[in-house]
Colleague: 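Before I ask anything, here is the structure I am working with.
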Amino acid sequence: MTAEIESDACFANRIEPGVDELVVNVGPSHPSTHGVCRVIVHLDGEIVTKAEPVIGYLHRGIEKMAENRTYLQVVPLTDRLDYVGSMYANWAYCRAVERLAGIQVPERAEYLRVIVCEMQRIASHMMSLGSAAADTGAATMFIYAFDQRERVIEAFEELCGARLTYNYVRPGGVSFDLPEGWTELVLQFCRDHRDGLELIDRLFFGNVIARGRMKHVGVLSAEDAVAWGASGPVARGSGVNWDARKHDPYSVYPRFDFDVPTGSNGDCYDRARVRLFECYESCRIIEQALSQMTPGPIKTPGMPRLLAPRPGDAYDQIESARGTLGVYLVSDGSVRPYRMKVRSPAFCNLALLPMLAEGHTLSDLVVILGSLDPVFGEVDR
Amino acid sequence: MNINELREHLCETYPDLCPLFSIEFGDGVLAVDADRLLDAATDLKELGFDRLSMVTAVDRPTHLELVYRLYSRSMTAALFIKCNVDREEPRVHSLVGLWPAALWQERETFDMFGIVFEGHPDLRRILLPDDWEGYPLRKDYRDDSVIRRPDYI
């Protein structure tokens, strides 16, 4: 984009600054925007009168690329959607393929998927809480949260060889069975993680500065959360008690005993708090899954390398760390998807930013953006 | 609520929508004409579909097919609305008034397919730069940077 278009697009056409209004361009490359997001902020003094997110800096056209690859070749692309939660996009895509092609997944594979996705939830929430702390100035807490995340990522590295782009969940099953000693490693992690969460609770949520920065900031009502299509911790922080794992169950989730934490005020504090409590619930699910799991196949036997599902379309969704992640696939009977659409929770949640930021200060905008937990690989696709 | 109960509930409340209902791959699908979309969506919202979870489109050989996915928390049921629009002059009424969730998703659909949503308050490109030419997710989109992957199979 040339400089003229840039200035034309952001200043001349849409914005007519009044005498007291200042237009500030936040981002696109700034630590507080959690990726490559640009926000055009109109300020009256220090108060935000209008905030307009400009996205698309990380748009790689993954939906278009998928039309040019076979069903199996698309799986690595889905890793690059939500790059702090690759397992989710893997799984959502594979569920849609399995639905389209009528593939049954072995029970052990379902358990393995649940375990890795719950661990991924912990890793993703630790990233979110750590950066929320960094946004509010608590850099120490950032290190503690990333310490927890690192242990999950090391376990994933042992499981499938990759730290971030796992390519682990495949149509018809998963790629590897558990390595020796992995179960004990994860159970030990769950025990340690609870202590880590206690520490985070005291260090961050008990901190008067963090509470002051997050309480009553960016309040989202439950009605707005539903109408705007918010999901995940953003909606649950506002008291919308809806979690796909519980209320629209898929896979083996009905077999586990877990709670869905919800907030009541819908502010940044409640959204962060919901993430913290979800980590406890994830530990519970992991422990139950590891004890219920029985030996067996991890892949559907006789899976063809080239899938050519019958013509039609299928949608399936899972609950990712950011909300309801859905994949819509259209098949024309060939070996390549005719169309793939990723229903991205981060995209839908980010649409709330203009509404939430209005009337707060510029420094609060950073906290609100962090509390929506956008991952721009998934927003821009 | 399973899919047959949803069909019965829909047919009892809105008999005129009943013939449009079908089941594909276990999902309820309502096929409506572009000029009836807003009325049908208004009825469905009153029926209890409080969430608009997805808006997208598919470029079929003869037309563009708009796909909406609605979800009802009270009925725990999902429903797709499919609506065919003309390929040359795609116009359809926006659903932003019913669900603000459509605000960005319709912008994205406009960005990728060029479908014009009438009544949308802020219809412009969202992911691509404002000066981008063409609508990339249409099948006839050509660009020098798009490389066709060779057939290994």
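A note on names: the letters A, B, ... follow the listed sequences, proteins ahead of strands, and every chain is numbered from 1. Below, each value reflects all heavy atoms present in this structure, side chains not excepted, and no hydrogens, waters or symmetry copies.
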Colleague: Please tell me if the side chains of P304(A) and L306(A) come closer than 4.5 Å, counting only heavy atoms from C-beta onward.
Modeller: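 The answer is no; the side chains never approach within 4.5 Å.
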Colleague: Heavy-atom pairs under 4.5 Å with chain A are the metric here; pick the option from Y141(B), Y71(B), W99(B) that has the most.
Modeller: Y71(B)
Colleague: Side chains of S53(B) and R69(B): donor-acceptor distance under 3.5 Å anywhere?
Modeller: yes
Colleague: Is a side-chain donor-acceptor pair under 3.5 Å present for E106(B) with S94(B)?
Modeller: yes
Colleague: How are the rings of Y315(A) and F80(B) set to each other: parallel, tilted or perpendicular (split at 30° and 60°)?
Modeller: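 Ring orientation, 0 to 90° scale: perpendicular.
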Colleague: Identify which part of K45(B) has an atom lying under 4.5 Å from any heavy atom of chain A, answering side chain, backbone, both or neither.
Modeller: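 Contact with chain A is absent: no heavy atom of K45(B) under 4.5 Å.
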Colleague: Between Y328(A) and chain B, which part of the residue has a heavy atom less than 4.5 Å away: side chain, backbone, both or neither?
Modeller: side chain
Colleague: Between R142(B) and D140(B), does any NZ, NE, NH1 or NH2 come within less than 4.0 Å of an OD or OE carboxylate oxygen?
Modeller: no
Colleague: In terms of heavy-atom proximity below 4.5 Å to chain B, should H59(A) be classed as side chain, backbone, both, or neither?
Modeller: side chain
Colleague: Does some side-chain heavy atom of L79(B) sit less than 4.5 Å from a side-chain heavy atom of Y68(B)?
Modeller: no
Colleague: Could you go through the side-chain hydrogen bond (donor to acceptor under 3.5 Å, both in side chains) check for Q73(A) and Y71(A) one step at a time?
Modeller: CA-CA 6 Å; Q73(A) 286 169 342; Y71(A) 282 91; over 6 Å; no
Colleague: Do D243(A) side-chain atoms and R245(A) backbone N/O form a donor-acceptor pair below 3.5 Å?
Modeller: yes
Colleague: With a 4.5 angstrom heavy-atom cut-off, is it the side chain or the backbone of K64(A) that approaches chain B, or both, or neither?
Modeller: both
Colleague: At a heavy-atom separation under 4.5 Å, does V330(A) approach chain B through its side chain, its backbone, both, or neither?
Modeller: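 Contact with chain B: side chain only.
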Colleague: Where on A57(B) is there a heavy atom nearer than 4.5 Å to chain A: the side chain, the backbone, both, or neither?
Modeller: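 Backbone only.
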Colleague: What part of Q105(B) gets within 4.5 angstrom of chain A, counting heavy atoms only: side chain, backbone, both, or neither?
Modeller: both
Colleague: With chain A, which of V67(B), L98(B), L52(B) has the greatest number of heavy-atom pairs at distances under 4.5 Å?
Modeller: V67(B)
Colleague: Any side-chain heavy-atom pair from D59(B) and R339(A) closer than 4.5 angstrom?
Modeller: no
Colleague: Can you tell me which portion of W228(A) sits under 4.5 Å from chain B's heavy atoms? Options are side chain, backbone, both or neither.
Modeller: both
Colleague: So, for R336(A) and N68(A), which heavy atoms are closest and what is the spacing to 0.1 Å?
Modeller: NE-O, 3.5 Å
Colleague: Could you name the residues of residues 373-381 of chain A that have a heavy atom within less than 4.5 Å of a heavy atom in chain B?
Modeller: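 Those residues of residues 373-381 of chain A which have a heavy atom under 4.5 Å from chain B are V379(A), D380(A), R381(A).
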Colleague: Mind checking whether L77(A) and R80(A) have side chains closer than 4.5 Å, heavy atoms only?
Modeller: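 Sidechains of R80(A) and L77(A): no contact.
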Colleague: Is L350(A) close to chain B through its backbone or its side chain, or both, or neither, when contacts mean heavy atoms under 4.5 Å?
Modeller: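 For L350(A), heavy atoms of backbone and side chain both lie under 4.5 Å from chain B.
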Colleague: Does the side chain of W242(A) come within less than 4.5 Å of E319(A)'s, by heavy atoms?
Modeller: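 E319(A) reaches W242(A) side chain to side chain.
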Colleague: Taking M355(A), H247(A), R69(A) one by one, which has the highest count of heavy-atom pairs under 4.5 Å against chain B?
Modeller: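 That would be R69(A).
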Colleague: Please confirm whether F110(B) and F113(B) have ring centers closer than 6.0 angstrom.
Modeller: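 So the answer is no for these two rings.
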Colleague: Tell me, side chain or backbone of I126(B) under 4.5 Å from chain A's heavy atoms, or both, or neither?
Modeller: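 It is both, since atoms from each part get that close.
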Colleague: Which atoms of R107(B) come close to chain A, meaning under 4.5 Å heavy atom to heavy atom: side chain ones, backbone ones, both, or neither?
Modeller: neither
